[in-house]
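Worksheet: one structure, shown below.
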Amino acid sequence: VTDLAWLTVAEAAELLRGKKLSPVEYAKALIARVEKHDGQLNAFLRFTPEIALEDAKRAEAEIARGNWRGPLHGVPYALKDIIDYAGLPTTAHSRILKDSTAQRDAAVTERLKAAGGVFMGKLSTHEFAIGGPSFDLPWPPARNPWNRDHFCGGSSSGAGTATAAGFVPAAIGSDTGGSVRNPASMCGVSGIKPTYGLVSRRGVIPLSYSLDHVGPLTRTARDNALLLDLMAGHDPLDPGSVPRSAPGGCAGELERGVKGLRIGVIRHFYTTDMKADAEVAASIEAALGKLAGLGAEVREISTAPLGEYLAVNRTILTSEAYAAHERWMRERPQDYGALARERIMAGAFVRAADYVNAVRLRRKMADAFHALFSEIDLAVTASSMDPPCRIDDPQAVEYTYARQARAPFNVTGGPALSVPTGFSKAGLPLGMQLVGKPFSEAKLYRVANAYEQAADWTKRHPAL
Amino acid sequence: MPDDALTLEEIRRMAAEIGLTRLTDEHLQQLMRATQIARARRATLPVAGLVPADEPALVYRLADKP
């Protein structure tokens, strides 16, 4: 084994299962890497090497006894710091919760612990998954490992940074208007917003009850499928959880290729509704060319204008977020960072009728969008409209933060996977989204895997 | 009243009515900006196509348990 930092979950699992790699040595290598480089990147808000070594020793003993639990057994992972890990603070990167301690694990934490994962720590986020990147909080914002002067996306910023930097092969984030897919896109990794209700949100600090999703970030599509297979499943304690068995087998369909699959391109999102940067648009067209070359049928489709989806998303998001935060906003407004305070207060005076109308529009938009899948197998569109901007330029961050085509799929609720499509001339990552009808995650991974093998972007890593 | 006519004193009064009494002038400026953006967004919601029978998504359902 040459460089443990770049092992995928799937590669590590093979080595660990075959006892060719020690979980303890693997954990120690990644701990040393975090200690050496994270001072420059701020991916971890709370780094827990002592827990990682305990988990790794336990995994090593179990595997030695022949009790291999599955692909995450002995593999390091980390959690966005809005996800509970019993006994540790869940700060949401905020002064408001700086001294809190989680009493129980989140549902997703329970599942990753049961799978034998090695917990490396809690990751930076935009404050309460909405306000960032901020420089007025108790912890600094995460930075882009491809160029630390640039924005790494958010709100699951540490998850994108840690995965791309080789600190962990898998990290868990949350996504309300694109917060898994934004850092995935900006950091050159894969990140999915699964179907609403597929992964339990229990133990995850809410931003917007009806738009929040939990999803994994990884360096490959295969790893993402492996993680989602572990995370998905009904949870009767999450009122939004879908009472169906886990889709399972996402990883099992990866090698089926794309020949004959019908791909609909929502080009108007990034050409006319909102004009993407030329390098972003060109990278998507090149990816579509590759998919066509692999045997997919590519055709253009259209849906409601991007602006209508964004208006519905923002109306619902700000209303629900304000409701969740109203007590703190009354009692401790000074304890929020400026960005979170302003973005959350946007919901203070939304009229009830506007909120209800947005939720009514949501049903119509979702029904109309999912009807398109009678003629296509999946859709492709942009993720971010621009390459990552500088992190120290608040106007550029504010401008590019809103220039995205991710929020429509928080509105429709179906799965959306952001995958890397190469690099800008400045060496910064670019990406696109694969979008499906509800519970079609396996198909998205199948296409992502075929493209990834043809394009080879995932073999490039940032030099830290 | 047009949104651009909102003043700091008006937003202070509106904030107080909903219990936001601890906001500083800087916070109130933020609230004013955020409110103006939110109100502008209202105009972009495509409500013209809605009819009264269009139900909201995620309507509450009772569980059918014994």
Side-chain angles (χ1 to χ4, degrees), chain A residues 196-197 209-211 236 239-240 243 304-305 307-319 322 326-336 338-351 353-368 402 411-413, chain B:
Chain A
Y196 184 78
Y209 307 99
S210 68
L211 296 169
E308 293 185 3
Y309 283 106
L310 296 179
V312 168
N313 177 272
R314 293 299 158 186
T315 302
I316 297 171
L317 191 159
T318 55
S319 304
Y322 184 77
E326 186 172 46
R327 185 168 62 90
W328 285 326
M329 204 55 83
R330 283 176 175 167
E331 295 172 0
R332 305 175 60 183
Q334 73 286 356
D335 286 341
Y336 287 91
L339 273 176
R341 188 170 48 241
E342 184 157 337
R343 288 178 183 163
I344 292 168
M345 286 198 302
F349 297 117
V350 175
R351 299 185 318 152
D354 292 333
Y355 173 73
V356 173
N357 282 338
V359 183
R360 293 168 74 207
L361 286 163
R362 179 185 197 176
R363 179 186 291 278
K364 287 189 77 149
M365 292 171 123
D367 288 349
V411 171
T412 59
Chain B
M1 181 182 296
D3 290 337
D4 57 7
L6 267 180
T7 65
L8 195 63
E9 287 316 305
E10 283 163 339
I11 204 80
R12 192 192 309 277
R13 178 187 52 74
M14 289 164 63
E17 282 173 2
I18 61 167
L20 295 173
T21 55
R22 298 186 183 185
L23 300 183
T24 64
D25 282 0
E26 184 192 344
H27 300 164
L28 288 165
Q29 291 284 1
Q30 288 191 298
L31 178 58
M32 188 155 64
R33 267 198 309 273
T35 300
Q36 284 169 341
I37 291 168
R39 287 182 175 178
R41 186 179 297 122
R42 180 193 300 160
T44 64
L45 280 175
V47 291
L50 287 174
V51 297
D54 284 326
E55 292 265 349
L58 304 170
V59 172
Y60 179 67
R61 285 188 189 88
L62 290 171
D64 181 18
K65 287 180 183 165

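By convention in this document, chain letters (A, B, ...) are assigned in the order of the sequence lines, proteins followed by strands, and residues within each chain are numbered from 1. These numbers come from a predicted model, not from an experiment.
- Between the A:R330 side chain and the B:I18 main chain, a donor and an acceptor come within less than 3.5 Å of each other.
- With values rounded to the nearest 0.5 angstrom, B:E26 atom CD is found 6.0 Å from A:R341 atom CZ.
- Evaluated for a side-chain contact (heavy atoms from CB on, under 4.5 Å) with A:P333, the options B:L31, B:L20, B:L23, B:L28 yield exactly one hit, B:L23.
- The two residues A:D354 and B:R42 have their closest heavy-atom pair at OD2-NE, 2.7 Å.
- The backbone N or O of A:A311 sits nowhere less than 3.5 Å from a side-chain atom of B:R41 that would complete a donor-acceptor pair.
- Here B:Q30 is the residue among B:M14, B:Q29, B:Q30, B:R33 with the most heavy-atom pairs under 4.5 Å with chain A.
- Two residues are said to be in side-chain contact when any heavy atoms from C-beta on lie closer than 4.5 Å; B:T24 and A:Q334 fail this criterion.
- Looking at every heavy atom in both residues, B:P46 comes nearest to A:L361 through O-CD2, 3.3 Å.
- The candidate from B:T21, B:L45, B:I37 with the greatest count of non-hydrogen atom pairs under 4.5 Å with chain A is B:L45.
- Of the atoms belonging to A:A338, heavy atoms from both backbone and side chain fall under 4.5 Å from chain B.
- Put simply, the side chain of A:K364 gets close to the backbone of B:G49: a donor and an acceptor are under 3.5 Å apart.
- At a threshold of 4.5 Å between non-hydrogen side-chain atoms, the residues A:M329 and B:R22 do not count as touching.
- Side chain of A:R363 to backbone of B:E55: a donor-acceptor contact under 3.5 angstrom is found.
- Evaluation of the ring pair (Phe, Tyr, Trp, His ring centres under 6.0 Å) rule for A:Y309 yields A:F269 as partners, not counting sequence neighbours.
- Panel note: side chain A:E308, backbone B:T44; no donor-acceptor pair is recorded below 3.5 Å.
- Put simply, OH on A:Y336 and NE2 on B:H27 are 11.5 Å apart, with the number rounded to the nearest 0.5 Å.
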